[in-house]
Number of protein chains: 2
Amino acid sequence: MNLEIDFRSGIPIYLQVVERIRERIAASQLAPGDQLPTVRSLALELRVNFNTIARAYRILDETGIISTQQGRGTYVTNTPPPEASEKIRQKALTELARRSFADAERLGASPEEFNQILKDQVAHWQQTGRLSNPDSDN
Amino acid sequence: MNLEIDFRSGIPIYLQVVERIRERIAASQLAPGDQLPTVRSLALELRVNFNTIARAYRILDETGIISTQQGRGTYVTNTPPPEASEKIRQKALTELARRSFADAERLGASPEEFNQILKDQVAHWQQTGRLSNPDSDN
DNA sequence: AGTACAATGATACAATTATACAATGAGACA
DNA sequence: TGTCTCATTGTATAATTGTATCATTGTACT
């Protein structure tokens, strides 16, 4: 799943999981009928207790966009209407931007410095046609 | 832990705890990822109230060298502090940039679109003097 | 004495984890 | 077919961990 959650943000993990999954559904990365990871497998991936994931799933279930079934698994039921999806998507992107700057700040970089690095990254991507490999200069 | 605290020194207990733990980390007796004692267990050991330990932990958390997580515990921080070597810092920043674009792509945004959003975020930061609040429009 | 302030303690609370439990489904076998 | 067993799934509840808020204590200063 590769969900990005921040243990140091002060935002409860279960709420972060709710948001990240809503974003994936809004971005059609998860379509109706798709099965979500089991509470245990996602918990293992995120290194948290599976009850924390279960709590997130329960919230999503109560809002009706997924369906959790004991013994079977959890499945996506509805995708929000296009205009709502676009709004969620926009919010997800600005939120991602905010998190990125916050992470950069923790590494001692000002927003300006990090923005420069991001620009370089785009330039490199335009040259090579792909995002640079994390192991490229080891 | 066996922290040396002097109750008669006149120096507040929570400040002594802060100093003792800083020393342990500086001496690599506590490594990144290591879990510190819970506020209650350390309080029991030192015969003080656990709020006093919590206060010490909060100070260390604010300086970024440990991370306290409700319900989970407190851990020595993994990410290198800003004063780490420039090379490591640069590498961490480019890796962060790469991951950010990958996440944006997962949300259905091209690098160009996401870059625009990043620029807007910097502009907004320059206006308000802070990175925008995650809860601003919930 | 009285006041103000910082340090510490008491209590209630929220997030996360640990443990035991119940529902479902796949495979073995009569 | 039926049903047994067992692994896998989500559920329920209590224990553990840090947080928030206010009360208490001690000290310095008038």
Side-chain angles (χ1 to χ4, degrees), chain A residues 1 3-22 25 30 33-77, chain B residues 1 3-22 25 30 33-78 134-135 138:
Chain A
M1 278 286 279
L3 295 194
E4 303 295 334
I5 69 172
D6 183 351
F7 288 94
R8 302 172 28 173
S9 66
I11 299 170
I13 298 169
Y14 72 95
L15 287 180
Q16 293 188 50
V17 172
V18 166
E19 283 312 307
R20 294 298 88 75
I21 291 180
R22 288 177 74 179
I25 294 176
L30 290 169
D34 283 356
Q35 178 171 17
L36 279 75
T38 69
V39 290
R40 282 173 176 81
S41 66
L42 183 51
L44 193 65
E45 181 183 325
L46 298 183
R47 319 264 198 144
V48 298
N49 188 273
F50 64 82
N51 285 292
T52 302
I53 306 300
R55 186 169 179 182
Y57 280 8
R58 177 150 32 89
I59 290 174
L60 289 164
D61 185 303
E62 284 165 356
T63 69
I65 70 179
I66 71 174
S67 164
T68 75
Q69 301 160 25
Q70 184 170 354
R72 291 179 41 75
T74 79
Y75 300 84
V76 178
T77 56
Chain B
M1 279 287 277
L3 295 193
E4 307 292 339
I5 302 296
D6 184 351
F7 289 91
R8 281 176 269 191
S9 67
I11 300 171
I13 298 170
Y14 72 96
L15 286 180
Q16 293 188 49
V17 172
V18 166
E19 281 314 306
R20 294 297 89 74
I21 292 180
R22 287 189 123 122
I25 294 176
L30 286 172
D34 283 357
Q35 179 170 17
L36 279 75
T38 68
V39 291
R40 282 174 177 81
S41 67
L42 183 52
L44 194 65
E45 181 184 326
L46 299 182
R47 321 266 191 149
V48 297
N49 188 275
F50 66 81
N51 287 294
T52 302
I53 306 301
R55 186 169 177 179
Y57 280 6
R58 177 150 31 90
I59 290 175
L60 290 164
D61 185 308
E62 283 164 357
T63 69
I65 68 178
I66 71 173
S67 165
T68 73
Q69 299 162 24
Q70 184 170 354
R72 287 169 63 80
T74 80
Y75 301 83
V76 179
T77 305
N78 275 312
D135 303 321
N138 276 349

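Proteins come first, then strands; the chains are lettered A, B, ... in the order of their sequence lines, and each starts at number 1. What's counted below: heavy atoms across the whole structure, side chains too, no hydrogens, waters or symmetry copies.
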How about Val18(A) and Arg55(A): do any of their side-chain heavy atoms sit closer than 4.5 Å? no

Answer whether the closest heavy-atom distance between the side chains of Ile13(A) and Phe7(A) falls below 4.5 Å. yes

What residues in residues 10-22 of chain B put a non-hydrogen atom under 4.0 Å from any atom of DNA chain C? Pro12(B), Ile13(B), Tyr14(B)

Sorted by chain and residue number, the side chain to side chain contact (heavy atoms under 4.5 Å, CB included) partners of Thr68(A) (sequence neighbours excluded) come out as Tyr57(A), Asp61(A), Ile66(A), Thr74(A)

Any residue meeting side chain to side chain contact (heavy atoms under 4.5 Å, CB included) with Gln70(A), in chain and number order, not counting sequence neighbours: none

Note down the inter-axis angle between the two ends of the helix from dA1(C)-dT30(D) to dA30(C)-dT1(D), five pairs each, to the nearest 10°. 10°

Give every donor-acceptor pair under 3.5 Å between a side-chain atom in residues 47-54 of chain B and any protein atom, sequence neighbours left out.
residue: Asn49(B); atom: OD1; partner: Asn51(B); partner atom: N; Å: 2.8
residue: Asn49(B); atom: OD1; partner: Asn51(B); partner atom: ND2; Å: 2.8

Report the residues that fulfil salt bridge (charged side-chain N to carboxylate O under 4.0 Å, His left out) with Asp6(A), sequence neighbours left out, ordered by chain and then residue number. Arg106(A)

Got a list of protein N/O to nucleotides 4-7 of chain D N/O distances below 3.5 Å?
none

Does any N or O in the side chain of Gln16(B) come within less than 3.5 Å of the main-chain N or O of Ile11(B), such that one atom is a donor and the other an acceptor? yes

Check: Thr77(A) main-chain N/O paired with Ser67(A) side-chain donor or acceptor under 3.5 Å: no

Heavy atoms of chain B, cut-off under 4.0 Å: which first and last nucleotide of DNA chain C, 5' to 3', fall inside that, if you could look? dA7(C) to dT17(C)

How would you list all residue pairs meeting salt bridge (Lys or Arg N to Asp or Glu O under 4.0 Å) that involve residues 10-22 of chain B, not counting sequence neighbours? Glu19(B)-Arg22(B), Arg20(B)-Glu23(B)

Using whole Å, what does the distance between atom P of nucleotide dT16(D) and atom CG of Leu42(B) come to? 18 Å

Under the side chain to side chain donor-acceptor pair (under 3.5 Å) test, residues paired with Arg58(B) that sit two or more places apart: none

Grab the two heavy atoms, one from Tyr14(B) and one from Ala56(B), that are nearest each other, plus how far apart they are. O-CB, 3.5 Å

Minimum heavy-atom distance Gln35(B)-Arg72(B), with the two atoms named: NE2-O, 3.6 Å

Scan nucleotides 18-25 of chain D against the protein and return all N/O pairs shorter than 3.5 Å with their distances rounded to 0.1 Å.
residue: dG18(D); atom: OP2; partner: Val39(B); partner atom: N; Å: 2.8
residue: dG18(D); atom: N7; partner: Arg40(B); partner atom: NH1; Å: 2.6
residue: dG18(D); atom: O6; partner: Arg40(B); partner atom: NH2; Å: 2.8
residue: dG18(D); atom: N2; partner: Gln70(B); partner atom: NE2; Å: 3.3
residue: dT19(D); atom: OP1; partner: Thr68(B); partner atom: OG1; Å: 3.1
residue: dA20(D); atom: N6; partner: Asn51(B); partner atom: OD1; Å: 2.7

Would you sort out whether Ile65(A) and Val76(A) count as a side-chain contact (heavy atoms from CB on, under 4.5 Å), showing the intermediate values? CA-CA 6 Å; Ile65(A) 70 179; Val76(A) 178; over 6 Å; no

Compile the donor-acceptor pairs under 3.5 Å between side chains in residues 36-45 of chain B and protein atoms, sequence neighbours left out, one pair per line.
residue: Thr38(B); atom: OG1; partner: Ser41(B); partner atom: N; Å: 3.0
residue: Thr38(B); atom: OG1; partner: Ser41(B); partner atom: OG; Å: 3.0
residue: Ser41(B); atom: OG; partner: Thr38(B); partner atom: N; Å: 3.2
residue: Ser41(B); atom: OG; partner: Thr38(B); partner atom: O; Å: 3.1
residue: Glu45(B); atom: OE2; partner: Asn2(B); partner atom: N; Å: 2.7

